[in-house]
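See structure below.
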Amino acid sequence: MDRNLPAGVLGAGTMGSGIAQVLAYSGYDVQLWDLSKEQLDQGMERIQKRLDRLREKGRLSQAEMDQIRSRIHLTPQLEDLAPCEWVIEAVVERLDIKRDLLFQLEKIVGKQTVLATNTSSLSVTSIASSTNHPERVLGLHFFNPAPVMPLVEVVSGMRTDVETVQCAVQFVRTLGKDPVKVADFPGFLVNRIARPFHLEGYRLVGEHVADRAQVDRILRSAGFKMGPFELQDMIGIDVNYAASVSVYEGFFHEPRYRPHIKQRLMVESGSLGQKTGRGHYSREE
Amino acid sequence: MKNKVLLVGEGPIVSDTMTFFQEKGVEVVTLEQADNAESDITAVVDVITGSVDHKREGLIQAVKMVPVDCPVFTSALYAGATRVASWLENPERVAGFSPLLLSSMDRVEISRPLQAEESLLWEQRVCWWKQWGKQVEILGDEPGLVFPRTIALMVNEAAYALREQIATAEDIDLAMKKGTNHPHGPLEWADRIGVDQVVWILKGLLEETGDPRYRPAPLLRQMVYAGRLGRSVGQGFYRYQREEKEPKP
């Protein structure tokens, strides 16, 4: 893990800019790529806002903040990622776009460069197979917000090399994060095992065993920070629904993952949680 | 009125329940101790685990010891309150409850059997739990209630993932703690609650709903066959140091 070599991030959206910030904070020079200058500027603005907040809280000095900023280089040209030892792709969650981007990138970077995808719902194996060397492609699944959440799922595709995985585990540790190794199955670990937390909540309410506030209160009383409904209001009911559908489809409609009709209705009605001002709690019952 | 409960059941869940009541200053008698009909018992608390027939026999025996209007709080982990109430005379005296985390939770989950739908007396009986320091959440009647059902399904999912070798047990638990802020990983939860309890919850849900989503993972069943029930026996998904024995003289 040579911190003198730059790391690349593709995509300056929420996840991409967050990952770029994590890398820069840990001492890596970052080449942050996106299609247009406008998107890059927006990404940098997001980073700046978060750094400002850290400085205001006294967790970062002005000098440290300037240094972190100076490590992030914006570029709309993939060629600028040529010297990178690590590239993390965090563009829009579409298989064709991710595959195409890695196919192009492989022609630019060195043979040793590890190509990582931050996908949360697509097959790492499929993304990897767009390249000539899928053995150096893997998933590095950061959680939102990346600068705050400590976990990174290190996902091995079918053809990912064991050594690549070991290197990635070390790399994640240099970022001050906790890596877990996981095989390329739908939902990986967190999104899959958290499914019942949300789905049983919907079923309990649908079957009139409990109302939403009761489910949340009981699970908080058992030690969870939040119950499923207040958590969904925070992360987005649409985001949670998309995760449910993706795991269900990924497992060929295994009944354990069957989403609940109420999830779809909430999304269709535009009740997406805090971001829309209407969710499980904010509307009149 | 003096507080005295007749506690029926076996295994670690009995000692946990007994500890809870004793800490609240409630006198606890077991079936063995209560060989004569005791008219001063204020409630029967049933945490029997095992086959439904076994549970029914235990309960029928227990209610013989108490007055016919004595409330019966039955663990609703796998047999719902309505089903349990159907075995007893005066079924509206029955309420389901969750015995899991009884000491640490500030709330108790209580389920109402269909037979007590219109009983005002039922609500008064449930008030015992307020006296025992709990806020009461009254729920509809399905096995597993809220917390036991939720945790059992997460454990089940984690057991499938472990058997499929998606990740190690340690990584599965770490992922849920660090990736979504759960207080314990699902496999740690299972070892605390008891792998057998988790399987009973799943079986109860499967039996009552017929929905295949509640099928217990084969690994969980095998762990029960092999006696790997969790912390209480020193081995579950993890191994535990047995408590130090008294040094030999």
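The sequence lines fix the lettering, A, B, ..., with proteins before strands; numbering per chain opens at 1.
- In this structure, the separation between CG on Leu153(B) and CD1 on Ile193(A) is 12.5 Å, given to the nearest 0.5 Å.
- In this structure, chain B has heavy atoms under 4.5 Å from both the backbone and the side chain of Phe224(A).
- The local environment of CZ in Arg136(A) is crowded, with over 12 non-hydrogen atoms from other residues, nucleotides or ligands closer than 6.0 Å.
- The greatest number of non-hydrogen atom pairs below 4.5 Å with chain B, out of Leu204(A), Ile235(A), Leu199(A), Asp184(A), is found for Leu204(A).
- The structure places CD1 of Ile151(B) at 12.0 Å from CD of Glu200(A), a figure rounded to the nearest 0.5 Å.
- Remark: the backbone N or O of Arg256(A) is paired with a side-chain donor or acceptor of Arg213(B) at under 3.5 angstrom.
- At least one cation-pi condition fails for Arg192(A) and Tyr160(B): the charged atom is not both under 6.0 angstrom from the six-membered ring centre and inside a 45 degree cone around its axis.
- Counting non-hydrogen atoms of neighbouring residues, nucleotides and ligands closer than 6.0 angstrom, the CZ atom of Arg159(A) reaches no more than 12 such neighbours.
- Ion pairing between Arg215(B) and Glu254(A) holds under the 4.0 Å rule for side-chain N and carboxylate O.
- Contacts between Glu164(B) and chain A at a heavy-atom distance below 4.5 Å involve the side chain alone, from C-beta outward.
- Considering every non-hydrogen atom in both Val190(A) and Ala175(B), the closest pair reads CG2-O, 3.4 Å.
- Checked for salt-bridge contact, Glu142(B) and Arg203(A) miss the test: no charged N lies under 4.0 Å from a carboxylate O.
- Salt-bridge annotation for Arg195(A) and Glu157(B): absent, with no side-chain N of the basic residue lying under 4.0 Å from a carboxylate O of the acidic one.
- Using a 4.5 Å cut-off between heavy atoms, Pro228(A) does not touch chain B at all.
- Of the listed residues (Ala183(A), Ser156(A), Gly223(A), Ala222(A)), the one with the most heavy-atom contacts under 4.5 Å to chain B is Ala222(A).
- For chain B, the option among Val209(A), Leu231(A), Leu189(A), Val152(A) with the highest count of heavy-atom pairs below 4.5 Å is Val209(A).
- Taking the charged nitrogens against the carboxylate oxygens, Asp178(A) and Lys178(B) do have a contact shorter than 4.0 Å, which makes a salt bridge.
- A donor-acceptor pair under 3.5 Å is formed between the side chain of Asp171(B) and the backbone N or O of Lys181(A).
- Between Ala210(A) and Leu139(B), the shortest heavy-atom contact is CB-CD2, 3.6 Å.
- In this structure, CD on Gln135(B) lies 8.0 Å from OG on Ser221(A), to the nearest 0.5 angstrom.
- In terms of heavy-atom pairs under 4.5 angstrom with chain A, the leader among Thr168(B), Asn156(B), Asp211(B) is Asp211(B).
- Proximity to chain B (any heavy atom under 4.5 Å) is shown, for Arg258(A), by both the backbone and the side chain.
- Taking each heavy atom of Glu137(B) and Arg217(A) in turn, the nearest pair found is OE2-NE, 2.6 Å.
- Separation of atoms CZ (Arg149(B)) and CD1 (Ile218(A)) is listed at 12.0 Å; rounding is to 0.5 Å.
- Within a 6.0 Å sphere centred on NZ of Lys130(B), heavy atoms belonging to other residues, nucleotides or ligands number 12 at most.
- Within the 4.5 angstrom heavy-atom criterion, atoms from both the backbone and the side chain of Ile166(B) approach chain A.
- For the options Ala152(B), Pro183(B), Ser111(B), heavy-atom pairs under 4.5 Å to chain A are most numerous at Pro183(B).
- The residue among Glu207(A), Met149(A), Met226(A), Lys225(A) with the most heavy atom pairs within less than 4.5 Å of chain B is Glu207(A).
- Proximity of Pro196(A) to Thr150(B): side-chain heavy atoms (C-beta onward) are nowhere separated by under 4.5 Å.
- For chain A, the nearby part of Leu145(B) is the backbone; its heavy atoms alone come within less than 4.5 Å.
- With chain A as the partner, the residue from Val108(B), Val155(B), Leu101(B), Asp106(B) showing the most heavy-atom pairs under 4.5 Å is Asp106(B).
- If you measure heavy-atom distances from Leu219(A) to chain B, the contacts under 4.5 Å come from the side chain alone.
- Of the atoms belonging to Asp141(B), not a single heavy atom falls under 4.5 Å from chain A.
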